[in-house]
Amino acid sequence: MKKQILDTLSGASIQTIDASVLDRLYQTVESRRDTDPALSHSARLLSRGKRKVAQKFGEEAVECLIEAVAGNKRELIGESADVLYHLIVMWVDAGVAPDEVWHELQRREGTSGVAEKAARQKIS
Ligand SMILES: N=c1c2ncn([C@@H]3O[C@H](COP(=O)(O)OP(=O)(O)OP(=O)(O)O)[C@@H](O)[C@H]3O)c2ncn1[C@@H]1O[C@H](COP(=O)(O)O)[C@@H](O)[C@H]1O
């Protein structure tokens with residue numbers, strides 16, 4: 001995935017980071033499946049099962065929204081990274097490949113959420 005999603009302000013210079021970092025993170029977590037849980041946090045989480053993986057994602061999401069509501073931008077960035085990491089662990093556990101999510105996002109591109117919701121309400 002080549003789309004640039006984040007411009008990080010580091011000191012005086014702006015460093016552009018590519019969203020392929022998420023693809024690489026997925027590959028890394030996937031590769032940890034059979035690693036000794038003592039050596040890898042991802043392996044430890046995955047070994048604890050689906051419920052624990054989902055619980056950790058939920059906890060990180062709550063921590064993220066707390067920082068957003070408090071208006072703490074720096075903390076929100078850190079918590080967002082935790083959420084993305086734990087979401088990826090949940091994808092690995094569930095057998096969802098990042099490409100499947102990217103395709104879904106691509107499919108939605110250009111469709112206004114307002115129009116999509118209105119169309120759904122007409123059907124039901
Ligand atoms: N992005 C992350 C990342 N973000 C957060 N964390 C870890 O997530 C943990 C969250 O801490 P918690 O105390 O909430 O979790 P916990 O220790 O399971 O505690 P419990 O609630 O279960 O008791 C911390 O140990 C963080 O270091 C991460 N661990 C790994 N990664 C990435 O995953 C890659 C592989 O890591 P390993 O699997 O450890 O090799 C790394 O190179 C990183 O790129």
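Owing to the predicted nature of the structure, the values given are computational and were not obtained by experimental measurement. Remember, it's 1-based here, ligands and their atoms both numbered in the order they're listed.
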(request) Nearest heavy atom to atom 10 (C) of ligand 1 wins, so pick from R44, R32, H41, R48. (result)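 Ranked by closest heavy atom to atom 10 (C) of ligand 1, first place is H41.
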
Under a 4.5 Å cut-off applied to non-hydrogen side-chain atoms, are [X] and [Y] in contact?
X   : Y   : value
D36 : L39 : yes
Y85 : H41 : yes
R48 : V53 : no

Protein non-hydrogen atom below 4.0 angstrom of [atom] present:
atom                    : answer
atom 36 (O) of ligand 1 : yes
atom 30 (C) of ligand 1 : yes
atom 23 (O) of ligand 1 : no
atom 41 (C) of ligand 1 : no
atom 6 (N) of ligand 1  : yes
atom 27 (O) of ligand 1 : no

(request) Could you say whether the N/O atoms of T28 and ligand 1 ever approach to under 3.5 Å? (result)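 N/O-N/O distance below 3.5 Å does not exist for this pair.
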
(message) Using a plain distance cutoff, I'd like to know if E59 has any nitrogen or oxygen under 3.5 Å from a nitrogen or oxygen of ligand 1.
(response)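 In this structure, E59 places no N or O atom under 3.5 Å from an N or O of ligand 1.
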
Are the side chain of [X] and the backbone N or O of [Y] linked by a donor-acceptor pair below 3.5 Å?
X    : Y    : value
N72  : R74  : no
R107 : W102 : no
E67  : C64  : no
S47  : R44  : yes

(message) List ligand 1 atoms under 4.0 Å from D82, heavy atoms only on the residue side.
(response)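 Counting from 1, the qualifying ligand atoms are 4 (N), 5 (C).
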
(request) Could you list the atoms of ligand 1 found under 4.0 angstrom from a heavy atom of K52? (result)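 This gives 22 (O) as the contact atoms.
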
(request) Report the C-alpha separation of R24 and S20 in whole Å, then their side-chain angles, then the decisive distance to 0.1 Å, and conclude whether the side chain to side chain donor-acceptor pair (under 3.5 Å) test is met. (result) CA-CA 6 Å; R24 288 198 304 279; S20 63; 3.3 Å; yes

(message) Just to confirm my output: which protein heavy-atom neighbour is closest to atom 15 (O) of ligand 1, and how far is it?
(response)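 Answer, as residue, atom name and distance: K56 NZ, 3.2 Å.
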
(message) Starting from atom 4 (N) of ligand 1, what is the nearest protein heavy atom, named by residue and atom, and what distance separates them?
(response)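 Closest protein heavy atom to atom 4 (N) of ligand 1: Y85 CD2, 3.5 Å.
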
(message) Please verify the inter-ring angle class for Y26 with W91; under 30° counts as parallel, over 60° as perpendicular, anything in between as tilted.
(response)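 Rings of Y26 and W91: tilted, 30 to 60°.
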
(message) Does only the side chain of L25 get under 4.0 Å from ligand 1, or the backbone, or both, or neither? Count heavy atoms.
(response)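 For L25, the contact with ligand 1 is made by the side chain alone.
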
(message) Does only the side chain of L45 get under 4.0 Å from ligand 1, or the backbone, or both, or neither? Count heavy atoms.
(response)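 Neither part.
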
(message) Which residue in the set V83, L76, I77 passes side-chain contact (heavy atoms from CB on, under 4.5 Å) when paired with S80?
(response)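 Among V83, L76, I77, the one that satisfies the side-chain contact (heavy atoms from CB on, under 4.5 Å) with S80 is L76.
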
